[in-house]
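Pasting a structure here, questions to come.
Start at 1 and go down the list; that is how both ligands and their atoms are numbered.
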Amino acid sequence: MASAYPVHLVLVGPPGAGKGTQAVMLERELGLKQISSGDLFRENLKNQTELGQLAQAYMDRGELVPDNVTIAMVAERIQRSDCAKGVIFDGFPRTLEQAKALDEMLALQDSEIRLVPALVSSDEVVIDRMTGRRVCRNCGAVYQISYNPPKVEGVCDVCSGELYQRSDDSPETVRNRLYVYYKQTSPLIGYYFAKNLLVRVNADQPIDAVNQAMLQAVKVVIE
Ligand code: ADP
Ligand code: AMP
């Protein structure tokens, strides 16, 4: 298969499956740019922008921010030069409308999605992972209190920043986010399967084993 850049990958899977964790590793390993729509919203929230204020209510409930707002935010972000080699889309698209919009925005750049690794994980595993997730307030690095703990409790290994628990990682919100995933996001599996882009990766394994499986999967588009 062609190996010309840009190589755009879309990671799909339920919240807590490990999309962000794997995207950060692939970014380093493949030299592509991770774009997480959730991180973009959280950055806007932190900076108290209009977009952040709009997104907050949806995020607090574990619901999706409206498509038009989300699509505009990502369309603007992928114009930047750091996306030239390719993007690892993490958490976007999350609806069929977003998926179609992404196809259109990439077509405008004469590019396209090359592969869609789907992180397949069970409900119990993702619920357990999310409830123990901790994030660095300063650099955004992600930890898990049982499976990927920091060296010093509450302190980021990378930048010594303070770790916090996302408010939407509470048990009630986590359940709603999974429901939203099944209802609105899981149809993307069929959408990308039909386009022959889907490759399933077992995400119920330790982080490094998932990473090896991801590298194996993306080998066909990156040589
Ligand atoms: P997503 O981006 O899909 O919501 P994350 O990458 O944030 O998921 O992972 C959710 C939580 O699970 C984080 O706390 C992360 O450290 C942890 N995690 C990610 N992958 C694994 C794995 N393979 N095994 C155990 N824990 C994991
Ligand atoms: P995440 O960091 O991917 O778990 O996303 C956190 C929250 O941000 C989600 O529960 C949504 O409220 C919002 N969000 C992130 N990405 C999207 C998206 N592509 N479409 C709509 N809402 C999103």
Provide the number and element of each atom of ligand 1 under 4.0 Å from a heavy atom of Asn148.
->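 Close to Asn148: 16 (O).
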Close-range residues for ligand 2, whose non-hydrogen atoms fall below the 4.0 Å threshold |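 Only Ser37, Gly38, Phe41, Arg42, Met59, Glu63, Leu64, Val65, Thr70, Gly91, Phe92, Arg94, Gln98, Arg166, Asp168, Arg177 have heavy atoms that fall under 4.0 Å of ligand 2, ordered by chain and number.
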Pairs involving residues 44-58, ordered by first then second residue, that meet salt bridge (Lys or Arg N to Asp or Glu O under 4.0 Å) (sequence neighbours left out) =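 Found none.
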With atoms numbered from 1 as shown, which atoms in ligand 1 lie under 4.0 angstrom from a non-hydrogen atom of Lys19?
->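 Those qualifying, in numeric order: 1 (P), 2 (O), 3 (O), 4 (O), 6 (O), 8 (O).
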Relative to atom 8 (O) of ligand 1, which among Ser146, Gly18, Pro14, Gly91 owns the nearest non-hydrogen atom?
->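 Comparing heavy atoms across Ser146, Gly18, Pro14, Gly91, the nearest one to atom 8 (O) of ligand 1 lies in Gly18.
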Contacts of type salt bridge (Lys or Arg N to Asp or Glu O under 4.0 Å), residue Asp39, not counting sequence neighbours =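 With neighbours one apart ignored, the set is Arg42.
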Donor-acceptor contact present, side-chain Asn176 to main-chain Glu172, <3.5 Å |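 Not confirmed, Asn176 side chain does not pair with Glu172 backbone.
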For ligand 1, is any non-hydrogen atom under 4.0 Å from Ala23's backbone (N, CA, C, O), its side chain (CB onward), both, or neither?
->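 Looking at Ala23 and ligand 1, no heavy atom falls under 4.0 Å.
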Donor-acceptor pair, side chain of Gln184 and main chain of Leu96, under 3.5 angstrom |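 Absent.
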Are a donor atom and an acceptor atom from the side chains of Glu29 and Asn211 found within less than 3.5 Å of each other?
->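 A donor-acceptor contact under 3.5 Å links the two side chains.
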Please report which non-hydrogen protein atom sits nearest to atom 21 (C) of ligand 1, along with the residue it belongs to and the distance in Å to one decimal place.
->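 Checked against all protein heavy atoms, atom 21 (C) of ligand 1 sits closest to Ile207 CG1, 3.3 Å.
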Quick one: look at Met130 and ligand 1, take heavy-atom pairs under 4.0 Å, and tell me if it's side chain, backbone, both or neither.
->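 Neither part.
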Heavy-atom side-chain contact between Glu97 and Asn68 under 4.5 Å |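 Counting from C-beta outward, Glu97 and Asn68 never come under 4.5 Å.
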Hey, are the side chains of Thr49 and Gln53 touching, using non-hydrogen atoms and a 4.5 Å cut-off?
->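 Not in contact.
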If hydrogens are left out, which of Gln205, Met25, Gln22, Arg129 has an atom nearest to atom 12 (O) of ligand 1, that is, the closest non-hydrogen atom?
->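 Closest candidate by heavy-atom distance is Arg129.
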Below 3.5 Å, can you tabulate the donor-acceptor pairs from side chains in residues 99-109 to any protein atom, sequence neighbours excluded?
| residue | atom | partner | partner atom | Å |
| --- | --- | --- | --- | --- |
| Asp103 | OD2 | Tyr191 | OH | 2.4 |
| Gln109 | NE2 | Ile78 | O | 3.4 |

Which residue owns the protein heavy atom closest to atom 15 (C) of ligand 1, what's the atom, and how far is it?
->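 I find the closest protein heavy atom is Thr21 OG1, 3.7 Å.
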Do side-chain atoms of Gln98 reach the backbone of Arg94 as a donor and acceptor pair under 3.5 angstrom?
->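 Checked: pair present.
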What is the closest protein heavy atom to atom 2 (O) of ligand 1, and at what distance does it sit?
->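 Checked against all protein heavy atoms, atom 2 (O) of ligand 1 sits closest to Gly20 N, 2.8 Å.
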Decide whether Asp204 and Ser122 meet the rule of one side-chain donor and one side-chain acceptor closer than 3.5 Å.
->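 Per modelled atom types, Asp204 and Ser122 side chains form a pair under 3.5 Å.
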Atom 14 (O) of ligand 1: nearest protein contact (heavy atom, Å) =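 Protein heavy atom with the smallest distance to atom 14 (O) of ligand 1: Tyr143 O, 2.6 Å.
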Asp123 bridged to Arg175 by N-O distance under 4.0 Å |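 Salt bridge absent between Asp123 and Arg175.
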So which protein heavy atom does atom 7 (O) of ligand 1 come closest to, and at what separation?
->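 Of the protein heavy atoms, Arg133 NH1, 2.6 Å lies nearest.
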Answer yes or no on whether Arg166 is positioned over the face of Tyr164, meaning its NZ or CZ is under 6.0 Å from the six-membered ring centre and within 45° of the axis.
->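 The answer is no, since Arg166 fails at least one limit relative to Tyr164.
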Proximity flag Gly13 to ligand 1, non-hydrogen atoms under 4.0 Å =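 Not so, Gly13 does not reach ligand 1.
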Only heavy atoms count here, so choose which of Gly16, Gly38, Pro15 is nearest to atom 10 (C) of ligand 1.
->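 Among Gly16, Gly38, Pro15, the closest heavy atom to atom 10 (C) of ligand 1 belongs to Gly16.
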Return the residue, atom name and 0.1 Å-rounded distance of the protein heavy atom closest to atom 17 (C) of ligand 1.
->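 The answer is Gln144 CG, 3.5 Å.
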Identify the protein heavy atom lying closest to atom 13 (C) of ligand 1, giving its residue, its atom name and the separation to 0.1 Å.
->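 I find the closest protein heavy atom is Val142 CG1, 3.6 Å.
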Between Val7, Asn196, Leu9, which is the residue that forms a side chain to side chain contact (heavy atoms under 4.5 Å, CB included) with Leu115?
->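 The single option meeting the side chain to side chain contact (heavy atoms under 4.5 Å, CB included) with Leu115 is Leu9.
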What do you reckon, does Gly132 have a nitrogen or oxygen under 3.5 Å from a nitrogen or oxygen of ligand 1?
->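 No, no N or O pair falls under 3.5 Å.
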Polar side-chain atom of Thr173 near backbone of Asp169 as donor-acceptor pair, under 3.5 Å =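 Answer holds: no.
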